[in-house]
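Okay, structure first, notes after.
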Amino acid sequence: MSDQITITLPDGSKRSYNKGATALDVAMSISEGLARNVLAAKVNGEVRDSFRPIEEDSNLQLLTWNDDEGKSTMWHSSAHLMAEALEALYPGIKLGIGPPIENGFYYDIDFNGIEFDSDNLEAIENKMLELAREKNEFTRKEISKADAIAYYKEKGDEYKLELIDGLDDGSITFYNQGNFTDLCRGPHIPHTGYIKAVKILNVAGAYWRGDENRKQLTRLYAISFPKQKELKEHLELLEQAKLRDHRKIGKELELFTFSEKVGKGLPLWLPKGAVLRERLENFLKKAQLKAGYDQVVSPHIGGKELYVTSGHYAKYGEDSFQPIHTPSEDEEFLLKPMNCPHHCEIYKSKPRSYKDLPVRYAEFGTVYRYEQSGELHGLTRVRGFTQDDAHIFCSQDQVKSEFAKVVDLVLYVFSALGFEDFTAQVSLRDPNNPDKYIGKDEDWEKAEAAIKEVAEEKELNFVIEYGEAAFYGPKLDFMVKDALGRKWQLGTSQVDYSLPERFELEYIGSDNKKHRPVMIHRAPFGSMERFIAILIENCAGDFPLWLAPDQIAILPISEKYHDYAKELFVEMQEKDIRGFVDERDEKIGKKIRDAEVKKTPFMLIVGEKEAEEGTVSVRQHGQGDIGSMKKDEFARFFHNKVAELIN
RNA sequence: GCCGAUGUAGCUCAGGGGUAGAGCGUUUCCUUGGUAAGGAAGAGGUCAGGGGUUCAAAUCCCCUCAUUGGCUCCA
């Protein structure tokens, strides 16, 4: 056997090394600078320590801060460093898990009764940096299960013991750096000195192993960087993100509010917010009309039996707003948590023929769900919200084409609103747990295949999640992130075999026999509340022209031109251009500033010259003065701009 | 629901055991001004609510409510 191995680099070049060479050796042979930046290595597709010897011919990719795996290795090591610092500052704590995450890392700590001062996170950061400067090497050690158990028994850490319990003997490794040893699969960076900047971002409670029946540990979220400058940039980015927060902008632009008296999680739409909402609704209504939907309307409450039939009562009855009882008759009604049972009853209002299908019922239906108080969040998680709901009743053969049309509609909506950064999630059955689902296997197979095919044909950026399907059918959800990087589901489209069954929906087929239709639930926005929240964060309050609550601000130079301004306001209103006249006794500079701050798309400045010539001096938000136009000319210009945006 | 934090004027926030402050906004007056803040005066707060400690509580302690960072949940 040769004691040489061949290493193939990503560019295809091959190099020869002594057996047992490490990725760091390889990097060093290329350049010292590269070696300094290598955080981990991908050996034959597996991410490993860059300091682990390579024993055979391999494909090797050196991972640096520019690679996601490089970052996560750094953050994983940083979690160990934080644990070391915490053990030094708070002897006697017990450790849960400490993984890297999308932006940084966390460690779950049981402070075991030791008082933890969450106001002095800086002390932990400083301790981490102090330990980092020691450039302590990370070392990897394979350890027997018995020895691992003995180590943590001695240490008295039941969390690690529980983790070890789930591992196979022979697959257990410990990593050590400085005075800290942790049960860990790795990999890690070569030494702590790579960590140059750390910031503990927040402290939160987290149940051990995500189980709400088990002990709650203290989770410290943090992030680290190889350069101080990058930390600074990251923190600035977070600050910027906070400025986009829909709760902040919603207040500033007077879009919505909450009232303790009305109740938590129950948004109140202010006039400007209501205008925005109405424009979005009209936009979708128009698109749905074209796509063959019929609008229906259903009440805000429904008899309890309706939800017993739908199955929702059994599943959610206890965790919902409780039934409303009538005073004299013994009747019970539920605030509607969904629109579909009502729509099923509309479908049933007359016999259906296969020639009627697909039937598409749309409704901006307001629903009420009892969300846990700790879950409420601005407009993204509320207890009363309006779904842009629709239910398509079709034959099994029509599922795919209907699904494709729904996806087209969602994509149209997203593109009109400038949502580019979204992912699609195809949620299918858990193959290991087929009993969880109702409906015929062959129907599921067809529906799942249809959804996947549609996702592929529409070239969606999608992931498949097994086990995420609803019990009644597979679904396709559209996910977006808010300003702070939290993921939310917006649009959704779901195939349902359950409700047609439960409500005994039927149609007469061409064979003159009764058949059961398939239902597709779909909502391109998801909910108006959540969609608008994300829209606000996406555009930072600079709404597309057609949605802006105030599209124009008419700014008279002085009181003398108020008549002309008011006349102009009426003319614009007649041309479907909405805004207001700023009649305050302020100078033009002040009026412009205020309109700019409120992000009004166009400012029409009118003074002596304009009043005489029948013109307006136009200023565009963020652009400045764009010159003078005749009134009609501005209206045409305006409507052309709108047309560019929504078609 | 759970762990942590926060709650002072419409908004953003400072203050802090001896009975409340700024800026913006708002109102009135002066000013009639041409592309991002003209000037002056005034109004506005049971310091979230309740209880306790104290001669004295907005300030310290307890409870409740709301908001908030997470966790769990999400038809």
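Sequence lines set the chain letters: A, B, ... in the order given, protein chains first and strands last, and positions in each chain run from 1.
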| field | A:F525: ring pair (Phe, Tyr, Trp, His ring centres under 6.0 Å) partners, not counting sequence neighbours | value | A:F531
| ring pair (Phe, Tyr, Trp, His ring centres under 6.0 Å) involving A:Y107 - partner list, sequence neighbours excluded | none
Protein-nucleotides 3-7 of chain B N/O pairs under 3.5 Å:
unit_1 : atom_1 : unit_2 : atom_2 : d
B:rC3  : O4'    : A:Q216 : OE1    : 2.3
B:rC3  : O2     : A:G205 : N      : 3.1

| message | Tell me which pairs pass salt bridge (Lys or Arg N to Asp or Glu O under 4.0 Å) where either residue lies in residues 601-613 of chain A, with sequence neighbours left out. | response | none
| query | What stem regions, each of at least 3 consecutive Watson-Crick or G-U pairs below 3.5 Å, can be found for RNA chain B? | reply |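 If one scans RNA chain B for consecutive Watson-Crick or G-U pairs, the stems found are B:1-7 with B:65-71, B:10-13 with B:21-24, B:26-30 with B:38-42, B:48-52 with B:60-64.
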| query | Quick one: on RNA chain B, does A:I588 or A:Q372 contact a more 5' nucleotide (nearest heavy atom)? | reply | A:Q372
| task | Test for a donor-acceptor pair under 3.5 Å between the base of B:rC30 and the side chain of A:D585, counting only N and O atoms. | result |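 Between B:rC30 and A:D585, which were checked side chain against base, a qualifying N/O pair under 3.5 Å is present.
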| Has the side chain of A:E254 got a donor or acceptor that lies under 3.5 Å from a partner of the other kind on the base of B:rG10? |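 Per atom types, no contact qualifies.
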| request: Verify whether one side chain among A:W488 and A:D482 offers a donor that lies under 3.5 Å from an acceptor in the other. | output: yes
| Stacking of A:Y221 on B:rG70 base (centres under 5.5 Å, planes under 30°) | no
Review item, nucleotides 11-14 of chain B N/O atoms under 3.5 Å of protein N/O:
unit_1 : atom_1 : unit_2 : atom_2 : d
B:rU12 : OP1    : A:K251 : NZ     : 3.3

| field | Atom-pair distance (CG on A:L555; P on B:rU32), nearest Å | value | 20 Å
| Can you tell me how far P in B:rG50 sits from the matching atom in B:rG42, rounded to whole Å? |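 To the nearest whole Å, 32 Å.
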